[in-house]
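Read the numbers this way: they start at 1 and go in the same order the structure lists the ligands and their atoms.
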Amino acid sequence: MLINLSKNSSQEEIKEIVAHLNHHGLAHHVVEREGIITIGVEKNPSPSLLEELGQLSGVSEISECSSPYKLAAKIAKDEKTVIQVKGVPIGGKGITIIAGPCAIESYEQLVILGFALKEMGISILRASAFKPRTSPYSFQGAGIEGLRWHKEAQKEHGLLIETEVMDTRDVEMVAEHVDILRIGARNMHNFDLLKEVGKCGKPVILKRGMSATVEEWLLSAEYIMTHGNHEVILCERGIRTFEPSTRNTLDLNGVAVARTRTHLPIIVDPTHAAGRKDIIPAISKAAIAVGADGLLIEVHHRPDEAKSDGPQALLPGELKVLMQEVRAVAQAVGRSL
Ligand code: PEP
Ligand code: MN
């Protein structure tokens, strides 16, 4: 159940409603968005309790909600959420392309790629300073120094910047450096990290775990939202299947299903879904056709020298061609790029 309070509800009214929920053993979260208080309640109560709650002072509207996530559910909002990141919309009519290297390697790399993307009309540069690598022997990322390069390079290219955060202790510091935080697939179930980014005050890209169901993915979004952050961008990046010819299997069903269940923006990462560059244009077009709001793509100006994921990175010129192809599909489905 979702309880929306009247715009000018008082602290006493909120306390009274919360006391009622506690009295009836109903787990809940009180959240505030744009001055409006919403209470997400775990269960739908009995009809008599529903009536009782509806009569409490300060309650404006109650919606029953059968899904385990409430704030992320479609019913919580009349329209799709459009997240404005310093004037760049994610989730609107336009398709948002976020691109950049897998890992931050140097200040120069970020400046070169930033300008290459800017020239293509891309507004957001991705790049990770902290890398969740399968092997402890693999490059682990440039760390804090890398984040400083990210922020310094931004002064040159002027794009918005995003990066992955892996540790609860780093959230505040990472949020000071970038415009958008990213939770990687391996951390989708890291609930302490989700709670922490819920308090960070910056938009968060939430990747779907490689073995997570759509419901679990949306419940992870709910963790971030119940901790105060409504700016969650879901990202499908492929799930594990038996198929060995690609690194993961891009779950387009999952994108379409999530679209029916949530108002949040959904983007697709074709790079980690494929793990090979040759099929990235094909699956990117499919993602947009199925309703994704954007793409998160790895690009590198010298992929042969990349410290991670070089073989799957597109060259800037290849990304430019992909954008043209994706634009045609976007237009066919009533979107723009
Ligand atoms: C990434 O985008 O840099 C990444 C590590 O992807 P994922 O978390 O999807 O594996
Ligand atoms: Mn990568």
Side-chain angles (χ1 to χ4, degrees), residues 90 96-105 109-110 113 117 122 124-136 138-143 146-147 150 161-167 170 174 178 180-190 193-194 197 203-212 214 216-217 220-221 224 232-241 246-252 254-255 258 266-277 279-280 283-284 287 292 294-315 318-319:
I90 304 178
T96 308
I97 307 290
I98 303 171
C102 182
I104 295 174
E105 293 157 7
Q109 170 215 32
L110 296 171
L113 285 169
L117 299 184
I122 293 173
I124 310 174
L125 175 68
R126 64 146 283 149
S128 302
F130 301 101
K131 292 300 308 166
R133 305 306 299 278
T134 302
S135 164
S138 302
F139 175 59
Q140 303 288 308
L147 274 186
H150 214 4
I161 54 175
E162 73 88 78
T163 203
E164 175 161 356
V165 60
M166 301 204 306
D167 193 314
D170 294 336
V174 171
V178 299
I180 304 173
L181 280 70
R182 175 172 15 102
I183 299 287
R186 289 157 194 80
N187 274 315
M188 190 210 83
H189 288 297
N190 184 341
L193 187 58
L194 300 175
V197 298
V204 176
I205 294 175
L206 175 65
K207 289 210 168 183
R208 178 179 176 189
M210 57 191 83
S211 308
V214 171
E216 288 164 344
W217 186 23
S220 288
I224 300 173
V232 181
I233 301 138
L234 298 162
C235 180
E236 157 64 31
R237 46 76 74 202
I239 52 172
R240 276 221 165 141
T241 68
T246 51
R247 184 154 142 187
N248 291 288
T249 296
L250 178 61
D251 184 16
L252 291 176
V255 175
I266 306 165
I267 62 170
V268 163
D269 171 353
T271 306
H272 294 91
R276 45 189 273 186
K277 61 190 276 185
I279 63 166
I280 290 177
I283 62 175
S284 297
L295 299 167
L296 178 73
I297 305 180
E298 284 185 355
V299 59
H300 202 291
H301 60 303
R302 288 201 203 109
D304 296 344
E305 295 168 23
K307 289 191 176 167
S308 72
D309 284 351
Q312 66 191 38
L314 298 181
L315 286 161
E318 291 169 331
L319 179 60

*Asks:* Find, among atoms of Glu298 that are N, O or S, the one nearest to the Mn ion (ligand 2), and state its name.
*Replies:*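 Result: OE2.
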*Asks:* I need the nearest protein heavy-atom contact for atom 3 (O) of ligand 1: residue, atom name and distance, please.
*Replies:*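 Protein heavy atom at minimum distance: Arg126 NH2, 2.8 Å.
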*Asks:* Determine whether more than 12 heavy atoms belonging to other residues, nucleotides or ligands lie under 6.0 Å from atom CZ of Arg302.
*Replies:*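 No, not enclosed.
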*Asks:* Going through the checks in order, is the salt bridge (charged side-chain N to carboxylate O under 4.0 Å, His left out) test met by Glu236 and Arg208?
*Replies:* CA-CA 5 Å; Glu236 157 64 31; Arg208 178 179 176 189; 2.9 Å; yes
*Asks:* Check whether any N or O atom of Ala185, backbone or side chain, sits under 3.5 Å from an N or O atom of ligand 1, and answer yes or no.
*Replies:* yes
*Asks:* Side chains of His150 and Glu162: is there a donor and an acceptor less than 3.5 Å apart?
*Replies:*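 The answer is no; no qualifying pair exists.
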*Asks:* Near Gly184, which atoms of ligand 1 are under 4.0 Å from a heavy atom of that residue?
*Replies:* 8 (O)
*Asks:* Look only at the side chain of Gln109 and the backbone of Ala103, and say whether a donor-acceptor pair between them is shorter than 3.5 Å.
*Replies:*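 Yes, the answer is positive, given that a donor and an acceptor are paired below the 3.5 Å cut-off.
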*Asks:* So which N/O/S atom does His272 have closest to the Mn ion (ligand 2)?
*Replies:*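 Within His272, restricted to N, O or S, the Mn ion (ligand 2) is closest to atom NE2.
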*Asks:* Roughly how far, to the nearest 0.5 Å, is CZ of Arg133 from SG of Cys102?
*Replies:* 6.5 Å
*Asks:* Quick one, His300 with Glu305, criterion side-chain hydrogen bond (donor to acceptor under 3.5 Å, both in side chains). Give me CA distance, side-chain angles, the key distance, then yes/no.
*Replies:* CA-CA 9 Å; His300 202 291; Glu305 295 168 23; over 6 Å; no
*Asks:* Can you sort out which atoms of ligand 1 are near Arg237, meaning under 4.0 Å from one of its heavy atoms?
*Replies:* 7 (P), 9 (O), 10 (O)
*Asks:* Going by distance only, is there an N or O of Lys207 that falls short of 3.5 Å from an N or O of ligand 1?
*Replies:* yes
*Asks:* I'd like to know if the side chain of Gln312 pairs up with that of Arg247 as donor and acceptor (distance under 3.5 Å, no hydrogens or angles considered).
*Replies:*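 Yes, because at least one side-chain N or O of Gln312 sits under 3.5 Å from a partner of the opposite role on Arg247.
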*Asks:* With atoms numbered from 1 as shown, which atoms in ligand 1 lie under 4.0 angstrom from a non-hydrogen atom of Lys131?
*Replies:* 3 (O), 5 (C)
*Asks:* Answer side chain, backbone, both or neither: which part of Arg182 comes under 4.0 Å from ligand 1, heavy atoms only.
*Replies:* side chain
*Asks:* Drop me the distance from Ser220's OG to Leu206's CG, to the nearest 0.5 angstrom.
*Replies:* 6.0 Å
*Asks:* Would you say Arg247 and ligand 1 have an N/O pair spaced under 3.5 Å apart?
*Replies:* no
*Asks:* Report the name of the N/O/S atom of Asp309 located nearest to the Mn ion (ligand 2).
*Replies:* OD2
